[in-house]
Amino acid sequence: MSSSHHLQCVSLLKRCKYLVHLKQVHALAAKIGTDADSLFAGKVILLASVTVVDAIEYACRLLATFPSPDAFMFNTIIRGLAESDQPNRSLLTYAQMKGRSLSPDSFSFAFLLKAAANFKSLSAGIQLHSHAIHHGLDAHLFVGTTMVSMYAECGCIASAEKAFDQLPQPNVVAWNAMVTAYFCCGEAPNARKVFAQMPLRNLTSWNLMLAGYTKMGELGEARMLFSEMELKDQVSWSTMIAGFASHGHFEEALGFFRKLIMTQGILWWSNEVSLTAVLSACAQRGAFESGKILHGLIQKTGLNSIVAVGNALLDMYARCGHIAMAQRVFSREMCNKNIVSWTSMIAALAMQGRGEESLVFFNEMVESGIRPDWISLVAVLYACSHSGLVQQGCELFQRMENDYGVQPSVEHYGCVVDLYGRAGLLEKAYDFVTQMPMKPNAIIWRTLLGACSIHGNVELAEGVRMKLAELEPNDSSDCVLLSNVYAMARKWSNVAEVRNSMNEKSMRKDPGWSSVEVNKVVYSFVASDKLSSVREEAIEKLEEIMLKLRMEGYKPQVSNVLHDIEEEEKEDAIVRHSEKLAVAFSIGRMRVEDQVITIVKNLRVCRDCHEVMKLISKAYNRIILLRDRSRFHNFKEGSCSCRDYW
DNA sequence: GGCAAAGCTG
């Protein structure tokens, strides 16, 4: 191959973004003939492979085709695998490398330690550390810096400190790694101390502080630091937006985004990370109108060609209850799709109780050549359990390892427990739990307890409670579920007992909130909120509605009184559940023509509210779409799409 | 060819 051909191939490879392009360039290079200097060509192609999305398998196969790959080539593969979803494969490649008597260098250790960090394997990290010492590379600046992060990721802050202390001349990157290390181990004050002491700070140092504080939920600290920053970049802004969004602070996340586009102008806001983060905030809150505006912006800038943006967009529509829009984005607007896009669609349909359609999507995905990963299997099993597709779910579970090479994890087992439990096959569910190959965790038992509370099985519930008391004795949601089981069986003394023990341990439940969008504004209601004019308006309307319903024969179901309230408010708790306030408020404010009322709730809807929603949908001729923690309920003409199965 | 750095799927 002539040198001009070389240059052409190299520049083509640099522009490759997707695997198809890579394969084309590779074929081209092979056609021109690369025999003379195949080693160089091999290196270039390998390097391109680890930077192209989803090309790591291709790169691994490529490595196997070289008769005598050198350390550089092995390092490249180790690096690619370290960032993949199976970082442990880096270590296997390292073993192969040693098998060929190739000596690891500083590059090898930097990538390998990164793999150990991503894999969160302390034992692998310690082993690599000793190998690094053996090769005299443990105090190498890059190796040492990654070692600091590795130990921190594995929870060993003392070892991270030691690794840092032995660096002869730590640079700003090493100092930054130390800051992150402290945050990683939950030591914000120490992170702050290091930040104050470091000889030199760059913008990344500041951004790391923002990320550290927001991840720990110390949003006030983050906000203060952010305002102190003289220089901000896209990372600073998106860290703030994502930080607030991930803690459920929708208004603030949106506020930061608005400020970003207003103060920084068009070039600055067209960043896919801040967009996905702000879309996620809209999705959580059910802020459809804001989401639609974002969709417009995305179309204008052409950012919907970025897969993550498209994914976030379709997820936003799905979670706002506009499944048709989600499908439209999926099939018409996204030219690039990945497994996340498919999984989002499967989950979206599953949340609507449209399990059969989820299965159709799942099969289409497989046919299109995407191998299901563990999370897409969780989604499709979830679809089965929420639609009562017991047989289909079981079959999928049984063949997932054989057909897709995914070993069932505790999450998949949890789906099957849910599958049996929701369907009322409680004994089968219990047997399944006792036969699991791994130790059932609290989530598994809680799923079973949830099934007991749906089907009112006191005996099993009490047994499960014992297990939960061992694993997580202080979980308030378990107590609520248990008290619901007792209440359904009218065992009031047991209800009181659970309630008292909750009081003694001074357990507090997550406060339940519901939000609703009326005339493009999102209103949120919390069961235990202070009185405000909006709340007053909602309460007044709710009383009027309840009076009307009572005259038509409604009687409150008290079995779920504990559902989402603080103990002090149990008096008229059931009347004031946040979803009831939200629906009352929107009936008062919305015109009858705006037929659909969409409510988003952070916890599961209780039985009484579920009944009331049905009655309201009939009495007021509205469609009420309610998204709770686990699914959508579509109330229409007095009945619900979940057919009381949730 | 590295080391520290924000996002989408249960």
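Only a predicted model underlies this, so the values are computations on that prediction, with no experimental measurement involved.
With rounding to whole Å, Gln352(A) atom CD is found 14 Å from dG10(B) atom P. When rounded to the nearest whole Å, the span between CG of Leu294(A) and C1' of dG7(B) equals 14 Å. A straight line from NE2 of His140(A) to P of dG2(B) spans 13 Å, rounded to a whole angstrom. Summarising the geometry, the separation between NE2 on His386(A) and C1' on dG10(B) is reported as 10 Å, rounded to the nearest angstrom. When rounded to the nearest whole Å, the span between CG of Asp233(A) and P of dA5(B) equals 14 Å. Atom CD1 of Ile78(A) and atom P of dC3(B) are 14 Å apart (whole Å). Taking atom CH2 on Trp175(A) and atom C1' on dA4(B), their separation rounds to 14 Å, with Å as the unit. At whole-Å resolution of the value, CE in Met345(A) and P in dT9(B) are 14 Å apart.
In the set dA5(B), dG10(B), dC8(B), dG10(B) carries the atom at the smallest distance from any side-chain atom of Tyr382(A). Between dA4(B), dA6(B), dT9(B), one nucleotide has an atom nearer to the side chain of Thr239(A) than all others, and that is dA6(B). Of the candidates dA6(B), dC8(B), dG1(B), the closest approach to any side-chain atom of Asp105(A) belongs to dG1(B). Proximity note for Glu411(A) (side chain, C-beta onward) versus dA6(B), dA5(B), dG10(B): the nearest is dG10(B). Across dG2(B), dG7(B), dA5(B), the shortest atom-to-atom separation from the side chain of Glu272(A) is found for dG7(B). The side chain of Val340(A) lies closest to dC8(B) when the candidates are dG10(B), dC8(B), dG2(B). Nearest to the side-chain atoms of Val235(A) among the listed nucleotides dA4(B), dA6(B), dG10(B) stands dA6(B).
At a cut-off of 3.5 angstrom, counting only N and O atoms as typed in the model, there is a donor on one side and an acceptor on the other between the side-chain of Ser106(A) and the base of dG2(B). Residue Ser238(A) places a side-chain atom within donor-acceptor reach of the base of dA6(B), judged by atom type and a 3.5 Å distance cut-off alone.
Ring geometry for Phe111(A) versus Phe107(A): interplanar angle of 30 to 60°, hence tilted. Ring pair His412(A)/Trp374(A) is perpendicular by interplanar angle, where above 60° counts as perpendicular and below 30° as parallel. His131(A) and Tyr94(A) have tilted rings, their planes meeting at an angle from 30° to 60° on a 0 to 90° scale.
Judged by centroid separation below 5.5 Å and plane tilt below 30°, Trp237(A) does not stack onto the base of dA6(B). Phe107(A) qualifies as a stacking partner of the dG1(B) base, centre to centre under 5.5 Å and near-parallel within 30°.
As judged by a 4.0 angstrom heavy-atom cut-off over every strand, Thr204(A) is placed among the base-contacting residues. Heavy atoms of Trp342(A) sit nowhere under 4.0 angstrom from any nucleic acid atom. Lys337(A) comes within 4.0 angstrom of nothing in the nucleic acid, heavy atoms only. Asn207(A) comes within contact range of no nucleotide atom at all, as no heavy-atom separation falls under 4.0 Å. Within 4.0 Å (heavy atoms only), Ile375(A) reaches at least one base atom of the nucleic acid. Among the atoms of the strands shown, base atoms are found under 4.0 Å from some heavy atom of Thr145(A). At a threshold of 4.0 angstrom between heavy atoms, the contacts of Asn202(A) include nucleobase atoms, whether or not backbone atoms are also involved. Contact annotation for Asn75(A): base contact, defined as any heavy-atom pair under 4.0 Å involving a base atom.
Under 4.0 angstrom from either OP1 or OP2 of dG1(B) there lies no side-chain N or O belonging to Arg79(A). Put simply, Arg319(A) has a side-chain N or O that comes within less than 4.0 Å of OP1 or OP2 on dT9(B).
Aromatic rings of Trp342(A) and Phe362(A) (six-membered ring for Trp) have centroids beyond the 6.0 Å cut-off, not under it. Ring pair Phe432(A)/Tyr413(A): centre-to-centre distance below 6.0 Å. Outside the 6.0 Å centre-distance limit, the rings of Phe257(A) and Trp237(A) are not counted as a close aromatic pair.
Glu161(A) and Tyr182(A) are linked by a side-chain donor-acceptor pair at a separation below 3.5 angstrom, with hydrogens and angles left out of the test.
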